Number of protein chains: 2
Amino acid sequence: MSVYEKMRQALITGKYKPGDRLTEEALTEEFQVSRTPIRSALKQLEFDGLITPLRRGYVARSFSRKDIRQIYDVRSLLEGYAASLSAIHRTDEDLDNMYAANAAFYSTITEQEDNKIEHIQAILQKNHQFHQAVIRASQDPHTEDLIRKVVVLPLVFHSFFWFQQRELEQSFHLHEVIIAAIKDQDSARARSAMHEHIYQGRDRVLEQLEREKG
Amino acid sequence: MSVYEKMRQALITGKYKPGDRLTEEALTEEFQVSRTPIRSALKQLEFDGLITPLRRGYVARSFSRKDIRQIYDVRSLLEGYAASLSAIHRTDEDLDNMYAANAAFYSTITEQEDNKIEHIQAILQKNHQFHQAVIRASQDPHTEDLIRKVVVLPLVFHSFFWFQQRELEQSFHLHEVIIAAIKDQDSARARSAMHEHIYQGRDRVLEQLEREKG
DNA sequence: AAACGCTTTATTGTATACAAAATAATCACT
DNA sequence: AGTGATTATTTTGTATACAATAAAGCGTTT
């Protein structure tokens with residue numbers, strides 16, 4: 001695992017908390033490499049939007065409620081668009097991938113592992129793989145690239161929320177709707193279902209935030 | 001001007017042509033700095049999508065017709081979305097900026113400078129400033145950031161085309177429509193006018209490409 | 001005691017040497 | 001002469017020393 005991947009993981013899992021200062025020197029200590037690869041990793045993380053550049057160095061980025069809302073909204077726009085393209089371009093192989101990814105998602109969410117952190121990670125990963133399968137089928141690498149930039153929100157913001165069984169099953173169901181629309185080459189429906197799916201995720205996150213802060 | 005900006009300029013203006021190999025050593029010669037800032041600039045240009053990473057080093061990126069089409073399409077989506085947000089959030093100051101930017105655009109296109117390269121650059125710059133004014137008014141830094149990634153197409157692809165007076169005036173007119181819709185807080189109209197405007201740009205580029213290649 | 005300027009320290013920017021790895025070139029062998 | 005393995009060369013990855021600059025600390029002045 002590269003330094004970049006390790007730091008990314010640390011930011012996403014919350015090991016570095018928003019506002020934490022990240023100095024090159026300290027990171028060389030932590031990862032036992034020189035400043036050169038650290039600098040490279042920091043630059044990439046800046047691009048990902050996970051850290052904020054200061055006049056001197058970086059801090060782990062903090063996300064306001066407004067940030068989260070805006071990020072989810074534009075993500076919904078882009079993934080909806082990708083889904084509509086997929087409905088046009090999908091091959092049989094693409095459909096197989098989506099079915100397989102959603103089946104894997106289902107078996108993970110029905111595992112009933114008492115919300116252990118590994119279980120949550122597994123669910124998030126399977127969910128991600130489903131979305132990737134849809135995005136890939138769009139055959140549009142540029143859109144794919146933009147979406148990647150917009151799904152990097154730290155785990156804190158989408159982990160401990162929607163892990164009510166009912167909501168997981170709702171996600172599974174919407175995945176099915178999305179696949180069906182793409183199969184039927186109904187691009188308007190694919191787009192709208194994807195929009196809806198992501199907005200539901202957004203709302204859960206925002207509700208949870210409301211509960212925490214207020 | 002930083003090394004990054006110089007290299008970016010060189011790529012956009014076509015000094016480095018698609019497929020040209022970019023080695024760190026050669027660039028240290030050219031810019032008379034060490035490899036460290038060169039590496040930093042290359043990484044940034046990779047994020048911008050202006051260069052393609054190889055197993056060893058980079059090449060100046062080449063854009064296929066398909067690439068151009070897909071990039072313009074998703075740009076239209078994003079800028080249309082930004083325009084619709086602007087219609088909701090715009091302040092009087094935002095409107096002033098848009099009017100001013102479009103007025104500057106108009107006086108530049110009516111200068112009749114016989115399509116000198118500086119004139120073309122000036123037109124592109126004024127056009128860019130208008131778009132920035134609209135995007136800014138959206139108050140959505142994340143969308144703004146995504147759009148930046150998608151307007152970096154080298155100059156070659158959008159310079160010598162739409163410099164027919166008639167088409168420039170068409171652009172000016174659509175700018176006016178966009179501003180009016182934003183002023184009226186008619187977000188659907190703002191979005192659709194912006195879509196249309198960018199698609200027109202896309203089509204001119206694609207037509208020109210058709211003419212060139214055969 | 002607050003504010004200003006100076007000195008010190010911390011931290012990044014740059015250059016460069018060396019290690020590792022990929023590509024190119026060479027030579028031996030068939 | 002063509003092919004494959006081996007060596008040489010090019011090129012990037014990494015470490016580190018030094019320079020430049022920003023931030024912090026400190027004392028002096030008002």
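Any value given below was found using the heavy atoms of this structure, including those in side chains, with hydrogens, waters and symmetry copies removed. Keep in mind that this is a model prediction, so the values were computed, not measured.
Taking 4.0 angstrom as the limit, S34(B) places none of its side-chain polar atoms (N or O) nearer than this to OP1 or OP2 of dT14(C). One finds no side-chain N or O of R35(A) lying less than 4.0 angstrom from the OP1 or OP2 phosphate oxygen of dT16(D).
Heavy-atom neighbours of R202(A) CZ from other residues, nucleotides or ligands within 6.0 Å: above the threshold of 12.
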Atom pairs under 3.5 Å: protein N/O with N/O of nucleotides 22-25 of chain C:
{"from": "dA22(C)", "atom 1": "O4'", "to": "R56(B)", "atom 2": "NH1", "distance (Å)": "2.8"}
{"from": "dT23(C)", "atom 1": "OP2", "to": "R55(B)", "atom 2": "NH2", "distance (Å)": "3.2"}

Inset, instruction - Kindly indicate, with the supporting measurements, whether the criterion salt bridge (charged side-chain N to carboxylate O under 4.0 Å, His left out) is fulfilled by D145(B) and R148(B). - result: CA-CA 5 Å; D145(B) 196 51; R148(B) 184 146 33 80; 2.6 Å; yes
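Figure legend: K149(A) and F47(A) shown as a cation-pi pair, the cationic atom lying under 6.0 angstrom from the six-membered ring centre and within 45 degrees of its axis.
Rounded to a whole Å, the CD atom of Q44(A) is 12 Å from the P atom of dG13(D). Regarding L42(B), its CG atom lies at a distance of 8 Å from the P atom of dT12(D), rounded to whole Å. Atoms CG (L27(B)) and P (dA15(C)) sit 14 Å apart, rounded to a whole Å. When the C1' atom of dA15(C) is taken as reference, atom CD of E25(B) falls 12 Å away, rounded to whole Å. Between the P atom of dT16(D) and the CD1 atom of I38(A) lies a distance of 13 Å, rounded to the nearest Å. As rounded to whole Å, 7 Å separates atom P of dT14(D) from atom CZ of R39(B). The interatomic distance linking L54(B) (CG) with dG13(D) (C1') rounds to 16 Å, in whole Å.
The nucleotide whose nearest atom lies closest to any side-chain atom of V33(B) is, among dT14(D), dA15(C), dT12(C), dA15(C). Here dT12(D) is the nucleotide among dG13(C), dT16(C), dT12(D) with the atom lying nearest to any side-chain atom of T23(B).
Rounding to the nearest 0.5 Å gives a distance of 12.5 Å between CG of L77(A) and CE of M194(A). One distance of note links CZ of F130(B) with NE2 of H197(B); it measures 6.5 Å at 0.5 Å rounding.
For the pair E24(B) and T36(B), both in contact range of DNA chain D, the more 5′-proximal nearest nucleotide belongs to E24(B).
Taking 4.0 Å as the cut-off between side-chain N and carboxylate O, K15(B) and E30(B) count as a salt-bridged pair.
Judged purely by distance below 3.5 Å, without hydrogens or angles, the side chains of E196(B) and Q200(B) pair a donor atom with an acceptor atom.
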